[in-house]
Amino acid sequence: MHQLKPRDAATLPRHLLESHVVDLIRRCPNHLAVRAAHARLLRLRLPRLTAAFALSKLLAASCDPTAAAASYARNLFDQIPEPTAFCYNSLIRALSSSSPAPAADTVLVYRRMLRARTPHPNSFTLAFALKACSVAPALGEGRQLHSQAFRRGLEPSPYVQTGLLNLYAKCEEVALARAVFDAMVGDRNLAAWSAMIGGYSRVGMVNEALGLFRQMQAAGVNPDEVTMVSVISACAKAGALDLGRWVHAFIDRKGITVDLELSTALIDMYAKCGLIERAKWVFDAMVERDTKAWSAMIVGLAIHGLVEDALKFFSRMLELKVRPNNVTFIGVLSACAHSGLVNEGRRHWSTMQALGIRPSMENYGCMVDLFCRSGLLDEAHSFVTGMAIPPNSVIWRTLLVASKNSNRFDIVESASKRLLELEPCNPENYVLLSNLYASNSQWDRVNYMRIKMKENNVNVVAGCSSIEINGYLHKFVVSDDSHPEIKDIRLLLREIADHVIRSGHKPWTAAVLHDVGEEEKEVALCEHSERLAIAYGLLKTKAPHIIRVVKNLRFCPDCHEVAKIISKSYNREIIVRDRVRFHRFVQGSCSCKDFW
DNA sequence: GTTTGTACAT
């Protein structure tokens with residue numbers, strides 16, 4: 001096809017002109033190219049109808065994820081005299097990937113379409129608009145669209161259904177997602193299976209995610225690399241190493257492409273399941289590594305307490321000109337915090353500013369943690385009060401816990417006040433403050449907190465630990481009676497208690513909330529979820545099998561001591577992933593060197 | 001012109 005001239009625009013028949021336009025726009029790889037094509041089309045002075053056609057094609061080609069692209073798309077749309085459904089759909093699609101508030105903006109366009117009466121929204125409109133609500137994510141707007149889909153009879157479209165499913169999965173509404181998924185019997189496609197598995201994985205319902213993955217295979221649907229990312233990340237969340245290894249072998253066996261995203265998920269999985277060497281191995285095998293891959297690696301090293309490696313990887317990343325972002329610095333700064341490297345942390349904080357990265361709440365959190373763990377309470381406090389954004393509850397809680405541990409009651413006072421202002425109903429705060437009062441034997445205040453909790457109907461997040469035995473995740477909560485083998489576990493706990501006494505360890509009963517007798521406090525400690533899970537591991541496996549436990553909260557200090565004793569008296573290696581990092585117990589000592 | 005994916009401070 002020869003280059004189009006303004007002369008052709010006046011002489012060529014419309015269908016030929018249109019095919020020229022299509023050809024020109026098809027070759028646009030990015031937003032700049034779209035603009036260049038637009039400029040060329042303007043110079044051609046196309047006839048009115050062809051010009052409108054060109055605008056709608058440009059609009060469809062314009063979905064670059066930048067704010068500039070969004071306003072460009074709006075501009076194009078406003079120049080189209082009688083926008084077709086295709087035009088509305090293209091605008092919505094462009095906004096969903098590039099607008100700062102995709103859900104709200106999309107709903108506005110959708111309403112505008114309804115007000116215009118014609119054209120009618122179709123399944124494309126709903127699919128694109130739902131996508132915008134999923135990336136936001138915006139449950140309210142999404143539900144409005146769900147009702148629209150129903151009213152307009154567009155619900156049966158597989159694209160609309162997958163869109164709805166994905167919306168609910170992204171909003172962590174697994175029950176709603178599952179309802180859509182269940183209604184899709186017959187036309188569950190790969191995307192639907194993947195979105196549902198991803199939904200379970202996101203909320204940590206690992207057994208459900210893996211169960212659905214098995215069902216998917218039974219249904220004869222072949223998973224792709226996108227599915228596997230969700231399956232692997234479910235294993236990572238749960239710390240389910242054996243399952244993760246099995247899934248990795250499955251990926252190799254099926255010849256599923258291990259691309260950038262899947263490699264990153266594998267690095268994350270091996271790191272979070274305690275095999276940092278294997279994570280490095282996956283990282284080294286990658287042909288291309290982006291910011292997320294580097295960040296996953298650095299964060300992985302950080303949670304293993306391997307600060308030197310983490311910082312080495314970070315320098316290598318900079319040398320290779322891969323741009324770090326906020327998340328990378330979460331890894332770098334938390335590595336410093338977990339090893340007490342205050343000056344190193346300060347240095348990297350400046351590096352971050354020098355690179356023009358505006359600190360996120362999490363980055364501030366890392367610095368506060370860094371100062372707190374090193375006992376620099378005054379520095380932590382002035383850092384918090386000098387933050388460029390208002391500190392959130394996590395920041396105040398970090399400061400509160402640290403100042404409580406260093407008996408800095410001046411800071412305790414102000415931090416707890418701010419914390420309760422920000423989060424009057426968070427159960428975590430009640431527990432924290434109750435513990436604070438309990439450790440000072442202020443039982444009237446403890447009681448007051450307990451009454452407040454009842455009044456506000458606050459339910460405490462229970463400590464929960466899990467251990468994987470034969471491919472199944474066994475979960476324990478504090479004082480859990482529900483496990484079928486609880487009798488044997490209790491017997492073993494008693495035996496452990498004897499070892500603990502013989503080792504000369506005195507239970508740190510201050511960790512127990514209630515104002516009960518010392519003896520009952522000891523019993524309460526013995527029923528902590530991590531201790532139940534470790535005991536169950538001792539019961540069900542033999543040396544040299546490593547006992548691997550994952551806990552949702554931080555390790556109880558007393559249980560940490562007891563784990564050391566168990567590792568020695570039973571000659572077993574125990575690895576516990578708590579909310580913050582890994583603890584590896586060998587022959588009576590822990591890899592965290594008791595620094596936490 | 002549709003749909004599914006990864007790193008995140010206590």
Side-chain angles (χ1 to χ4, degrees), chain A residues 56-57 59-63 85-87 89-90 92-94 96 122-131 134 157-167 169-170 184 188-199 201-202 223-233 236 259-269 271-272 290-300 302-303 324-331 333-334 337-338 359-370 372-373 391-402 419 428 432 553-554 578-580 596:
Chain A
S56 61
K57 286 289 168 193
L59 182 56
S62 163
C63 44
F86 181 90
C87 300
N89 298 347
S90 300
I92 289 174
R93 186 170 66 139
S96 76
N122 57 27
S123 66
F124 288 82
T125 324
L126 263 305
F128 292 148
L130 285 168
K131 166 85 180 175
S134 326
S157 152
Y159 288 101
V160 173
Q161 286 190 309
T162 312
L164 286 167
L165 167 52
N166 188 40
L167 164 80
K170 288 274 157 47
M184 287 179 80
R188 283 178 194 154
N189 51 40
L190 180 57
W193 284 98
S194 301
M196 192 64 234
I197 292 171
S201 166
R202 186 168 293 108
D224 65 357
E225 56 273 22
V226 179
T227 324
M228 298 322 290
V229 167
S230 292
V231 178
I232 285 289
S233 94
D259 62 8
L260 180 63
E261 288 82 359
L262 187 48
S263 299
T264 306
L266 283 167
I267 292 169
D268 184 49
M269 185 274 286
K272 296 228 172 90
D290 64 357
T291 303
K292 287 182 180 170
W294 281 98
S295 304
M297 193 66 239
I298 291 168
V299 169
I303 59 177
N325 63 11
N326 288 305
V327 182
T328 322
F329 276 96
I330 292 173
L333 296 173
S334 74
H338 289 174
S360 66
M361 192 64 81
E362 289 84 352
N363 296 135
Y364 283 111
C366 291
M367 287 307 281
V368 175
D369 191 37
L370 174 81
C372 284
R373 281 171 190 256
N392 70 359
S393 55
V394 178
I395 304 257
W396 285 116
R397 205 152 39 232
T398 308
L399 189 61
L400 174 58
V401 171
L419 188 57
E428 235 179 299
L432 183 55
L553 307 175
R554 289 202 69 177
D578 75 1
R579 185 158 149 182
V580 179
W596 46 336

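Just so it is clear, the model here is predicted, and its values are computed rather than measured.
The side chain of A/Val327 lies closest to B/dC8 when the candidates are B/dC8, B/dT6, B/dT4. For A/Glu428, taking side-chain heavy atoms from C-beta onward, the closest of the listed nucleotides B/dT10, B/dA9, B/dT3 is B/dT10. Of the candidates B/dC8, B/dG5, B/dT4, the closest approach to any side-chain atom of A/Leu190 belongs to B/dT4. Of the candidates B/dT10, B/dT2, B/dT4, B/dT2 carries the atom nearest the A/Phe124 side chain, counting heavy atoms from C-beta on. Among the nucleotides B/dA9, B/dT10, B/dG5, the one closest to the side chain of A/Asp259 is B/dG5. Side-chain proximity of A/Phe128 to B/dG1, B/dT4, B/dA9: nearest is B/dG1. For A/Arg397, the side-chain atoms get nearest to B/dT10 when compared with the rest of B/dT10, B/dG5, B/dG1. Ranking B/dT10, B/dC8, B/dG5 by closeness to the A/His338 side chain, first place goes to B/dT10. Candidate nucleotides B/dT4, B/dA9, B/dT10 were compared by shortest atom distance to the side chain of A/Val580, and B/dT10 ranks first. Of all nucleotides listed (B/dG5, B/dA9, B/dT10), B/dT10 comes nearest to the side chain of A/Arg373.
When rounded to the nearest whole Å, the span between CG of A/Leu262 and P of B/dG5 equals 14 Å. In this entry the distance linking CG of A/Asn363 with P of B/dA9 reads 10 Å, nearest Å. The distance from atom CD1 of A/Ile232 to atom C1' of B/dT4 is 16 Å, rounded to the nearest whole Å. With rounding to whole Å, A/Lys272 atom NZ is found 11 Å from B/dT6 atom P. Atom CG of A/Leu165 is separated from atom P of B/dG5 by 10 Å (rounded to the nearest Å). Rounded to whole Å, atom C1' of B/dC8 lies 16 Å from atom CD1 of A/Ile267. Here B/dG5 presents its C1' atom at 9 Å from CZ of A/Arg202, a figure rounded to the nearest Å. The nearest whole Å value for the distance from the CE atom in A/Met269 to the C1' atom in B/dG5 is 15 Å.
Side-chain contact check for A/Ser230 and A/Ser201: no donor-acceptor pair (N or O, by modelled atom type) lies under 3.5 Å. Residues A/Asn89 and A/Thr125 have side chains that bring a donor and an acceptor to within less than 3.5 angstrom of each other.
Residue-level contact check: A/Asn189 touches the bases, meaning some heavy atom is under 4.0 Å from a base atom. If you check every strand for non-hydrogen atoms under 4.0 Å, A/Met361 touches a base. Across all strands shown, A/Glu225 has heavy atoms under 4.0 Å from base atoms, whether or not it also approaches the sugar-phosphate. Residue contacts for A/Lys57: at a heavy-atom cut-off of 4.0 Å it reaches no nucleic acid atom on any strand shown. Within 4.0 Å (heavy atoms only), A/Arg188 reaches no atom of the nucleic acid at all. Within the nucleic acid shown, A/Ile197 has no heavy atom closer than 4.0 Å to any nucleic acid atom. A/Val160 comes within 4.0 angstrom of no nucleic acid atom, judged by non-hydrogen atoms across all strands.
At least one side-chain heavy atom of A/Cys87 sits less than 4.5 Å from a side-chain heavy atom of A/Leu59. Side chains of A/Trp294 and A/Pro324 form no contact here, defined as non-hydrogen atoms less than 4.5 Å apart. In this structure, A/Tyr364 and A/Ile395 have side chains that are in contact, with non-hydrogen atoms separated by less than 4.5 Å.
A donor N or O paired with an acceptor N or O is found under 3.5 Å between the base of B/dA9 and the side-chain atoms of A/Asn392. Between the side chain of A/Thr398 and the base of B/dT10 there is no donor-acceptor pair of N/O atoms closer than 3.5 Å. For A/Asp369 and B/dT10, a side-chain-to-base donor-acceptor distance below 3.5 Å is absent, hydrogens and geometry of angles not being considered.
B/dT2 has A/Tyr159 stacked on its base ring, the centres lying under 5.5 angstrom apart and the planes within 30 degrees of parallel. For the pair A/Phe86 and B/dG1, the ring geometry does not qualify as stacking, because the centroid separation below 5.5 Å and plane angle under 30° are not jointly satisfied.
Residue A/Lys292 has no polar side-chain atom (N or O) positioned under 4.0 Å from OP1 or OP2 of B/dG5. The side chain of A/Asn166 contributes no N or O atom lying less than 4.0 Å from OP1 or OP2 of B/dT3.
Checked by atom type and distance alone, the side chain of A/Asn166 never pairs as donor or acceptor with a backbone atom of A/Gly163 at under 3.5 Å.
The existence of a salt bridge linking A/Arg579 and A/Glu428 is confirmed by a sub-4.0 Å separation between a basic side-chain nitrogen and an acidic carboxylate oxygen.
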